[in-house]
There are 2 protein chains.
Amino acid sequence: MDHGTRAEPRERLSRDTVLRAAVALADEYGIARLSMRSLAEVLGVVPMALYKHVANKDDLLDGMLDVIVGEIDPPVEEREWRDVIRRRVLSARRVLRRHRWARRVLETRTAMTPGVLAYTDSFIGMFLERGFPVDLTHHVMHAIGSRMWGFTQELFDDPEADPAQAAADAVPDQAALQQMAMRYPNVLRVAMASTHDDGVVGRGCDDQFEFEFALDLLLDGIGDRHARGWTSARPGADR
Amino acid sequence: MDHGTRAEPRERLSRDTVLRAAVALADEYGIARLSMRSLAEVLGVVPMALYKHVANKDDLLDGMLDVIVGEIDPPVEEREWRDVIRRRVLSARRVLRRHRWARRVLETRTAMTPGVLAYTDSFIGMFLERGFPVDLTHHVMHAIGSRMWGFTQELFDDPEADPAQAAADAVPDQAALQQMAMRYPNVLRVAMASTHDDGVVGRGCDDQFEFEFALDLLLDGIGDRHARGWTSARPGADR
DNA sequence: ACCTGAACACCGTTCAAGT
DNA sequence: ACCTGAACACCGTTCAAGT
């Protein structure tokens, strides 16, 4: 019943309100629908008003990342490195799954924001404080890569899948399946292996299972190198 | 000396010429500068002319991917799975480094194009044909993920870095370094460890070394699971 | 069959002005 | 100090028309 502009004294904008509104908007409608203009509309303000609180769109995205990085649990107090790392990664994973746009944004930017740096620093600390040498820790961090955020670069999973696409995947028509079997027999065999129990070809994989499988492969390898006192000992280190 | 439109009988467009021109344009100026409009201009044609050969921009990107996937070497003839996989991955890596935009494009799309499927099928085949069970192969493919294309999701490396950014990274001012040391001591220690030999803080890491380190961690883990006859044996498989 | 031109509905962002 | 309005230089794409 609000004809005319119900001029409730709209709260003054702040960087924080802008960032949180942006996160909420991306959570609900996806990052593709987040534009300076759509965000302004949600906040009941003209697009240019945002630029008082955010330098530009990149700065907005960086800020959004920092907001959600703050949601990752701190490391647990324990001396066993493997468990500490494992839990932290799985906590990050839960956060990134709540904010499905965040993965893509993390991949996109160079992301040297304060929050991201703080998390990285704390993550490295988990190794160093538990006796890992700096050299090994360095290479280990590279090997872990995006898995410190709880995601693996999976092929063929679309993080922003529209339901239509998902439905199409789930019910492939017979002809397409036939073609598939001819041309890509190995893909099909592997896809079938994961899904014979629920009868569909698409989405039969348990993402969480796959993630932990890969994470444990990695942690095993790391533990092995650590136990063997591995160093990079690269030729020309004294050059 | 071409005043007026030098009406050389411009070659008729084809899907192939369009795709190759797009690849060349992205190679030279980066994917951000590739638009339907800029591509049309390069081809000396009006934007809408492209739509006869390409359904839309997504289709263009898919096509570009298929062009470069064709550049990956076929698997070598050998019976040792580890070496075959390793070489194939490193070949893919060389291709993706020639076309630096491709990594981002691969990440972005669901990418179920014929070329991508064919490569995936052949990749899976390398395991199956060398005695890996289907179940293990399935999980292994998930664990390998984007590494089958020769890239790891690295944090803090910008694939499309502008030179200005790179320069800024390479020569951090003293004050920034000081701040860094206070706030992110662990990040700094690790960064220093890799670079004491060339004296700069930024880009001191040997990407190729890091990639192979991580790849070998993974391959070791895979070999271990294979040797132990690992199966997923998930509860409820008969449900 | 292939290419063109004008138009539509979007972007991020600048600049000068309002209160 | 904060917000506004109009404008600029871009996008991808539709539609009706040209040859």
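Throughout, a chain's letter reflects where its sequence line sits, starting with A, and its residues are numbered from 1. Just the heavy atoms: all of them, side chains too, but no hydrogens, waters or symmetry mates, feed the values below. Keep in mind that what you see is a predicted model, and the values were worked out from it rather than measured.
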Figure out the [atom1]/[atom2] separation between [X] and [N], and round it to whole Å.
{"X": "B:L61", "N": "D:dC11", "atom1": "CG", "atom2": "C1'", "answer": "14 Å"}
{"X": "B:E41", "N": "D:dC10", "atom1": "CD", "atom2": "P", "answer": "11 Å"}
{"X": "B:L50", "N": "C:dT4", "atom1": "CG", "atom2": "C1'", "answer": "12 Å"}

(request) Would you tell me whether B:D62 and B:T113 have side-chain atoms, one donor and one acceptor, within less than 3.5 Å of each other? (result)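 No, B:T113 and B:D62 have no side-chain donor paired with an acceptor closer than 3.5 Å.
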(message) Does the structure show a Watson-Crick or G-U wobble partner for C:dC8, both distances under 3.5 Å? Name it, or say none.
(response)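 Paired with C:dC8, as far as the under-3.5 Å criterion goes, is D:dG12.
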(message) Suppose we define a pair by two distances each less than 3.5 Å, Watson-Crick or G-U wobble; what does C:dA17 pair with here?
(response)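 Partner of C:dA17: none.
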(request) Please determine if a side-chain N or O atom of A:H53 lies less than 4.0 Å away from the OP1 or OP2 oxygen of D:dC2. (result)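 For A:H53, the contact criterion (side-chain N or O under 4.0 Å from OP1 or OP2 of D:dC2) is not met.
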(message) Generate the contact string for nucleotides 12-19 of chain D. Rules: B means base contact, S means sugar-phosphate contact only, - means no protein heavy atom under 4.0 Å.
(response) BBBB----
(message) What's the separation between atom CG in B:L34 and atom CD in B:E28, rounded to the nearest 0.5 Å?
(response)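 Here the rounded value is 12.5 Å.
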(request) Could you grab the distance from atom CZ of B:F123 to atom CG of A:N186, nearest 0.5 Å is fine? (result)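 The CZ atom of B:F123 sits 12.0 Å away from the CG atom of A:N186.
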(message) Tell me whether A:S146 contacts the main-chain N or O of A:F151 through its side chain, where contact means a donor paired with an acceptor under 3.5 Å.
(response)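 Here the side-chain-to-backbone pair exists.
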(request) Without swapping roles, check the side chain of A:R88 against the backbone of A:M148 for a donor-acceptor pair under 3.5 Å. (result)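 A pair under 3.5 Å: no.
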(request) Could you label the plane-to-plane angle of the B:F213 and B:F209 rings as parallel, tilted or perpendicular, counting under 30° as parallel and over 60° as perpendicular? (result)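 Answer is parallel, since the angle falls under 30°.
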